[in-house]
2 protein chains.
Amino acid sequence: PRCTEFDMAYFQSYSHVGIHEEMIKDRVRTETYRAAILQHQSSIAGKVVVDVGCGTGILSIFCALAGAKRVYAVDASEIAVQANEVVKANNLSDKVIVLLGRVEDVEIEEEVDVIISEWMGYMLLYESMLGSVITARDRWLKPGGLILPSHATLYMAPITHSERYSESIDFWRNVYGIDMSAMLPLAKQCAFEEPCVETITGENVLTWPFVVKHVDCYTVTIQELESITTRYRFTSMMQAPFHGFAFWFDVEFSGPAIFPANIHGYSPPVASSDTYSPGSSQRKKRSKSNEALVLSTAPEDPPTHWQQTLIYFYDPIEVKQDQVIEGSITLSQSKENPRFLNIHLEYASGGRSFVKESVMR
Amino acid sequence: PRCTEFDMAYFQSYSHVGIHEEMIKDRVRTETYRAAILQHQSSIAGKVVVDVGCGTGILSIFCALAGAKRVYAVDASEIAVQANEVVKANNLSDKVIVLLGRVEDVEIEEEVDVIISEWMGYMLLYESMLGSVITARDRWLKPGGLILPSHATLYMAPITHSERYSESIDFWRNVYGIDMSAMLPLAKQCAFEEPCVETITGENVLTWPFVVKHVDCYTVTIQELESITTRYRFTSMMQAPFHGFAFWFDVEFSGPAIFPANIHGYSPPVASSDTYSPGSSQRKKRSKSNEALVLSTAPEDPPTHWQQTLIYFYDPIEVKQDQVIEGSITLSQSKENPRFLNIHLEYASGGRSFVKESVMR
């Protein structure tokens, strides 16, 4: 695909150092990637690696230090110029080849054994960088090659969050003694029209999460990501005001084809709201195959720079214990800008049903 | 002056509720204004008030509750529509008249006794809203009328802030064991090219502040604000790495012409770096006339949403105790967008001199 003005603006945004500083300082992110590289060192040492969206080059350097024969560090942002300086200063120019350009446009004159990429956006799919990983895979990855991370899963769950609702909405009911309730409709729109990136905790979550989308990086196609629709069904584990839905993801760093269960095959997600018995006191993690490392952005796990993505309703819905919450969600690339995410959310509970459209810009 | 596209974008930015929520929740700001209205209640009760840039209308309502005969609440942002709803819901429509438009454009068919406005931007002058107060004064204020706040003072002081410098700059020297010093030039540029709005404490300040500009709202002219230049001279009170300059302001709510000292006259600022004996252990506040209320955004006072504005150097300068720091500063409206602030800073210490140009956008 051709490089659009949206792509240009996107690449430009990554030329600022601050965004890389924030990502590198996210220790959960960076240390899990480093641990995954070490865990898969036998698949990396002596091999050819491509780092899709290398940024400052830190993952490429981790791979070089893990023994990679050659690492192609590709980034379409000007930050690649900096990555090249870092590589030179570390005397790794013979191993790490920095390419400034899109994976769609740059040329690599050999097949690669490993693709590594930190492509995940807010709500997993915002920014659409997974498409670049797919392109790199289809252009250069050897059959049986390794992709890190190998799998990604997007979750959703209904949440309660009275403090957040109060501070932005109920606040207007009494402002230094003045009733400013006339602000409420606009306040709701301004606060909750678009998705919010915020940190919540496990305490805010009303029930087990539901898998919106499981991505196998070995087999996923670009077409499959253009629009994703799924129906969900939750059973609230408590009585509470239901304020909206939280979304988060995890990614798994599984081995390549040598693990039969993962050979270019889709492993159906184990988790869904019906997998667990409601009311079970122990919250279990989805079991990951092969002791794979998992980078999780779940509310109950240590916080990351991705936080969680929240879609709040304008008005909470009072739910009782065991009350069913059901509906559907569609995530699709915005026509306005393919890096934006359109979110069409239908939800029903207690005999009332709603539709909420939002755009993550 | 005609309404430019920059004005339109500026007014549009204030149509979002979040910005008003942040300002109203700044208790130092809102409670000081409320206290000032009560302190000057005898000048407000039964009188005509204009609130320049009324936002959600809270200051107009405070004035109405303090007994104003009529309050003209003027705002060029769509938020004025909300202010009108709030006024109606509080049964104050007979007292508070909301006008959607610029003070340059709206019509008020009577003279006013009081102008109230919360016009201060970051570094006092960013956003240039003081010009609207001057316009309102020249169009409508009766001779001897009250302006709240009546005076404003912009300060600067040299600071030391090793933690801030380390976390953005030195950070790159060792990133998970990798030397990424090659990032330093770009990291310095990205972190410190433009002014930063951040909270510092009195501990960061190397010496007494210097008055960059004292504004008497009764007499200041628009021309006087287009470009402000002053020379400064500091004597460092300690040995420390000198990382840049902090800017902050305070505003004073003095009475109108009944206090002779304030009759349309410029009270020369008492504070300057030379007013205090360097090394004096007790830091004294500038004495304000007539027990006037002061809203301060100084590092040693409780934090506000204005925080402080910092201009950092790319490299710190080691200064000794009693070392002189001198130079000049020019603040001028940007030609690109008059609401932006161009900052031309010259500084010299220990025999070396520097120039730093930055723009607050």
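Proteins get letters first, then strands, A, B, ... in listed order; numbering begins at 1 in each. None of these values were measured; they are calculated from a predicted model.
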Fill in the blank from the handout: Whatever's closer than 4.5 Å to a heavy atom in chain B on A/Lys25 counts as both
Handout entry: Residue A/Ser15 versus chain B: region with a heavy atom under 4.5 Å
Key = backbone
Exercise for the section: Measure distances from B/Tyr176 to the heavy atoms of chain A and classify the residue's part below 4.5 Å as side chain, backbone, both or neither. Expected result: both
Problem - Which portion of A/Arg27 sits near chain B, non-hydrogen atoms under 4.5 angstrom - result: both
Practice task
Can you tell which part of A/Glu167 gets under 4.5 Å to a heavy atom of chain B, answering side chain, backbone, both or neither?
Solution key: both
Handout entry: A/Ile79 and B/Leu186, any side-chain heavy atoms less than 4.5 Å apart
Key = yes
Fill in the blank from the handout: Heaviest contributor of heavy-atom pairs below 4.5 Å to chain A, chosen from B/Lys88, B/Arg34, B/Gln189, B/His16, is B/His16
Problem - Non-hydrogen side-chain atoms of B/Met183 and A/Ile24 separated by less than 4.5 Å - result: no
Exercise for the section: Please look at A/Ala191 and chain B and tell me whether the side chain, the backbone, both or neither of the residue comes under 4.5 angstrom of a heavy atom of that chain. Expected result: neither
Fill in the blank from the handout: Against chain A, residues from residues 55-69 of chain B with at least one heavy atom under 4.5 Å, in numeric order, are B/Thr56, B/Ile58, B/Ile61, B/Phe62, B/Leu65
Exercise for the section: Output the option from B/Cys190, B/Ser168, B/Ala182 having the highest count of non-hydrogen pairs under 4.5 Å with chain A. Expected result: B/Cys190
Problem - Options B/Gln82, B/Glu85, B/His20, ranked by heavy-atom pairs under 4.5 Å with chain A, top entry - result: B/Gln82
Handout entry: Heavy atoms from other residues, nucleotides or ligands near CD of A/Gln41 exceed 12 (cutoff 6.0 Å)
Key = yes
Problem - Interface moiety of A/Asp179 toward chain B, non-hydrogen atoms closer than 4.5 Å - result: both
Exercise for the section: Mark yes when over 12 heavy atoms from residues, nucleotides or ligands other than B/Gln12 sit less than 6.0 Å from its CD; otherwise mark no. Expected result: no
